[in-house]
Amino acid sequence: MSQYDLKIMNGTVANSAETFQADIGIEDGKIVAISKNLGDAKRVINASGKYVLPGGIEAHCHIEQESSSGIMTADDYYSGSVSAAFGGNTCFVPFAAQHRGESLKEVLRTYHDRAGPKSVIDYSFHLIISDPTDKVLHEELPRAIEQGITSFKVYMTYERLIIDDSQMLDILTVAKKYGALTMIHAENNAMINWMSKRLVEGGHGAPKYHVLSHPRTAESEAINRAISLASFLDTPILIVHVSTEAGARIIAKARYDGKKVFGETCPQYMFLHAEQMDLPDMHGAKLCCSPPLRDRASQEEIWRCLQNGTFQVYSSDHAPYRFDESGKLHAGPNPDFPKIANGLPGIELRLPLLFSEGFIKGRITLNHFVALAASNVSKIYGLDHCKGSITEGKDADIAIWDPDISRVVKAEDMHDNMEFTPYEGMQLTGWPTTVIQRGAVIIEDNQLKAERGCGEFVPRNTIDCVGMPGRLAPELDPTKNFGVNFDL
Ligand code: DUC
Ligand code: ZN
Ligand code: ZN
C-alpha cells in the first residue's frame, strides 16, 4: 500500500469556488489525493479546527530592486521571501527592473542571480520596461516571454521610467503578439510635476503634501488613457495599485464593455489613510507611497470594489525603505516630499489583514479570500498549470490558517528587514500557522524550516483572456480599413 510523504488531516479545505472537509495526500511535492480516509503517510499534520488553503501568491512586490534613483530596497530575496512565507505565501512575482541602457538579458540574469541562491519560496519575475528600443521590443521581450516571463510593468510617470503613449503602443503591440500581460502604473506625470513644483515653492514640502501632489484625477486620467490605448489594440492590461473610486469605476466600465482589463488594489488603500501622514519630524515619510494614501471615504470605496470584483488582484506592493539614509531619507534628514523614497512594507501582512478584516469580519467569503490570495493571480499571470488551488496534480503549496489566533501587529514580530510597519497596533484575528511548499514544511510553530535557496523559478504560461471578448479598433482591422494590414 502506498505511503504518502505527507498527509494533512481533518481540516476545512477551501478553493476559490468550494469549501469541503477532506484529507490531502502529498507525494513528491504534488497533491496526489483529496479524499476522506486516505492511507498511511510518513508524516501527518492534524489541521482540525483550521482552514487548509492554497499558499498565497504575491503578485506585486519590490525585492532586492534598485529604484530608478538607485536606492536599494531593504529586503533581499532571503528576507523578502521569509517574510512572505510567514504571511502565508508560497510563491511571489517581484519585479526585474530595466534601467535605461540595460538589456533585458542582463537584467534577468541579475535577478536570477539574486533570487536563486536566496529565495525560500517559488518565484517568477515581471520585467519593468523603461527603455523600449527596437532590440528590446523585437528580440529581447519575445525571448523573455518564451522563457516564461509573461508580464511586464510600464510607468506613465517618473522621470527615469516614464514611457510616452507611442512607446506604450509599441509595447502593447509586442504583448499582444506574444501573449503577455502589460501592467500599468497609471498616473498623469504632468499633473504630478505641476502640483509638486507649486507645493514645494509655496513652502509645502512636508511628507503629507505628497498626497496633494498626486491628485485623484492624475490617476483616473491615466487609467482612462491606458485603457484607451490597450483596447485600441485589443490587448490585455492590468492597472496596478488603484487607489481611487474614479479609477476603479473606469476599470469596472471597461470590464463591463468586455475590454481585456484587470485591476489591482493594495492593503494600504483599504487600511491606511492620508491623515495618518500628519506626523512630526518627518515620520509621515514612512507612509509616502505612489499613488498616495487617500481619505477614509476612499477606503470604503476601495473595499467595495474589492468585494464586487472590480479588482481581481490584491497585492502588497511591498516596497521596503527604512526610515534612514539608506531608504526614505536618502536625500538627507529633512527632504521635501518629492525626494522621499516611495513605498511601504507589507508582504507579511497582506493576507493576515484580508483574512481578519475581510473574511473573519464578514466582508468577503472564505472562497473570495482564496481567490484574492492565490487563485486569481495564478490564472491571470499564467501560474495556473501548477499553483493557485488545492487540486490533484498541482504543487502541494498550502497554508494552514488558524482562525482562533488573535495577535496585535508589531514591527518587531515581522521577518522583513524593516524597523517599522504601517499597520503597527492593529489587532488581527486568524494567522497562518503552517506553510508548505511543494510538500515541504517551510513554516511551523512560528519557526522557519526552509533552507535558503529552496525556492524555484517558475516559468509562466502566456495570458488567457477567455470571457473577455474585446474588439480590435476598426482602423486596425483589415476587414474594415480598406485592407491595410498592421501585422498585429
Ligand atoms: N510604484 C510601485 O509600484 N511601487 C512603489 C512605488 C511606485 O511608484
Ligand atoms: Zn507603481
Ligand atoms: Zn510597486
Side-chain angles (χ1 to χ4, degrees), residues 59-70 72-73 77 92-117 119 122-186 226 229-230 232-240 260 262 380-383 385 456-465 476 486-488:
H60 185 153
C61 53
H62 303 266
I63 307 290
E64 209 168 335
Q65 182 195 325
E66 294 95 353
S67 74
S68 56
S69 1
M72 189 53 132
T73 54
Y77 271 84
F92 63 175
V93 191
F95 292 96
Q98 180 202 32
H99 298 297
R100 293 200 176 132
E102 291 177 348
S103 81
L104 299 187
K105 195 171 164 201
E106 243 176 89
V107 171
L108 284 173
R109 191 179 315 118
T110 300
Y111 280 86
H112 275 295
D113 288 349
R114 288 176 180 177
S119 186
D122 287 353
Y123 57 92
S124 177
F125 308 109
H126 313 285
L127 279 160
I128 288 174
I129 310 291
S130 64
D131 198 3
T133 60
D134 278 351
K135 184 157 192 253
V136 164
L137 288 171
H138 303 300
E139 290 173 33
E140 298 192 334
L141 258 186
R143 176 92 190 98
I145 296 167
E146 222 174 79
Q147 293 167 352
I149 314 275
T150 52
S151 51
F152 29 83
K153 182 177 178 191
V154 295
Y155 286 79
M156 298 172 81
T157 184
Y158 292 128
E159 199 187 329
R160 297 189 183 90
L161 293 171
I162 187 169
I163 56 158
D164 64 25
D165 293 354
S166 166
Q167 291 172 311
M168 176 91 88
L169 287 168
D170 285 341
I171 291 172
L172 291 168
T173 303
V174 174
K176 178 181 176 72
K177 189 161 180 176
Y178 296 95
L181 178 64
T182 308
M183 306 157 75
I184 301 186
H185 179 126
L229 296 172
F232 172 62
L233 291 162
D234 188 25
T235 191
I237 55 170
L238 187 147
I239 309 290
V240 293
K260 297 177 171 73
F262 300 99
I380 291 170
Y381 285 111
L383 284 163
H385 56 291
E456 288 180 2
F457 173 71
V458 192
R460 291 182 286 123
N461 289 338
T462 51
I463 304 310
D464 189 351
C465 287
L476 295 173
F486 285 88
D487 188 27
L488 296 169

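Please read these numbers as outputs of a predicted model, since none were measured by experiment. Atoms considered below: every heavy atom in the structure, side chains included; atoms not considered: hydrogens, waters and symmetry mates.
- Although no hydrogens or angles enter the test, the distance criterion places a donor-acceptor pair under 3.5 Å between the side chain of T110 and the main chain of E106.
- Put simply, the residue from L181, I239, I237 that forms a side chain to side chain contact (heavy atoms under 4.5 Å, CB included) with F262 is L181.
- The side-chain heavy atoms of I171 and I129, taken from C-beta on, include a pair separated by under 4.5 Å.
- Between the side chain of K176 and the backbone N or O of L488, no donor-acceptor pair lies under 3.5 Å.
- Contact check for L476 versus F232: side-chain heavy atoms found under the 4.5 Å cut-off.
- Not one N or O on the side chain of Q167 forms a donor-acceptor pair closer than 3.5 Å with the backbone of P132.
- The side-chain heavy atoms of Y111 and Y77, taken from C-beta on, include a pair separated by under 4.5 Å.
- Not less than 6.0 angstrom separates the ring centroid of F152 from the ring centroid of H126.
- A side chain to side chain contact (heavy atoms under 4.5 Å, CB included) with D170 holds for exactly one of L137, V136, D164, D165; it is L137.
- For S124, the side chain to side chain donor-acceptor pair (under 3.5 Å) partners at least two apart in sequence or on another chain are R460.
- Using a 4.5 Å heavy-atom cutoff, the side chains of Y155 and I128 are in contact.
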Report task. Mind running side chain to side chain contact (heavy atoms under 4.5 Å, CB included) on M156 and I163 for me, showing each step along the way? Result -> CA-CA 6 Å; M156 298 172 81; I163 56 158; 5.7 Å; no

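- At least one side-chain heavy atom of K177 sits less than 4.5 Å from a side-chain heavy atom of D487.
- You'll find the side chain of I162 stays beyond 4.5 Å of the side chain of V154, heavy atoms only.
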Query raised in the report: Yes or no on side chain to side chain contact (heavy atoms under 4.5 Å, CB included) for L233 and T173, after CA distance, side-chain angles and deciding distance?
Result: CA-CA 7 Å; L233 291 162; T173 303; 3.7 Å; yes

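- Remark: R143 engages E146 in a salt bridge, criterion side-chain N to carboxylate O under 4.0 Å.
- The closest donor-acceptor contact from the side chain of D122 to the backbone of F457 lies at 3.5 Å or more, if one exists at all.
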Report task. Step by step, work out the side chain to side chain contact (heavy atoms under 4.5 Å, CB included) result for R114 and F125. Result -> CA-CA 12 Å; R114 288 176 180 177; F125 308 109; over 6 Å; no

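- With a 4.5 Å cut-off on side-chain heavy atoms, H185 and T157 count as touching.
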Query - Verdict with supporting geometry, V107 and H99, side chain to side chain contact (heavy atoms under 4.5 Å, CB included) - result: CA-CA 9 Å; V107 171; H99 298 297; over 6 Å; no

Report task. Determine, stepwise, if the pair H62 / Q65 fulfils side-chain hydrogen bond (donor to acceptor under 3.5 Å, both in side chains). Result -> CA-CA 6 Å; H62 303 266; Q65 182 195 325; 2.8 Å; yes

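- Remark: the backbone N or O of N461 is paired with a side-chain donor or acceptor of T150 at under 3.5 angstrom.
- Counting only distance, with no hydrogens or angles, the side chain of Q98 and the backbone of S130 share a donor-acceptor pair below 3.5 Å.
- Contact check for S119 versus F92: side-chain heavy atoms found under the 4.5 Å cut-off.
- Looking at E102 and R109, no side-chain N of the basic residue comes within less than 4.0 Å of a carboxylate O on the acidic one, giving no salt bridge.
- Residue pairs that meet the salt bridge (Lys or Arg N to Asp or Glu O under 4.0 Å) test with at least one member in residues 152-162, sequence neighbours left out, do not exist here.
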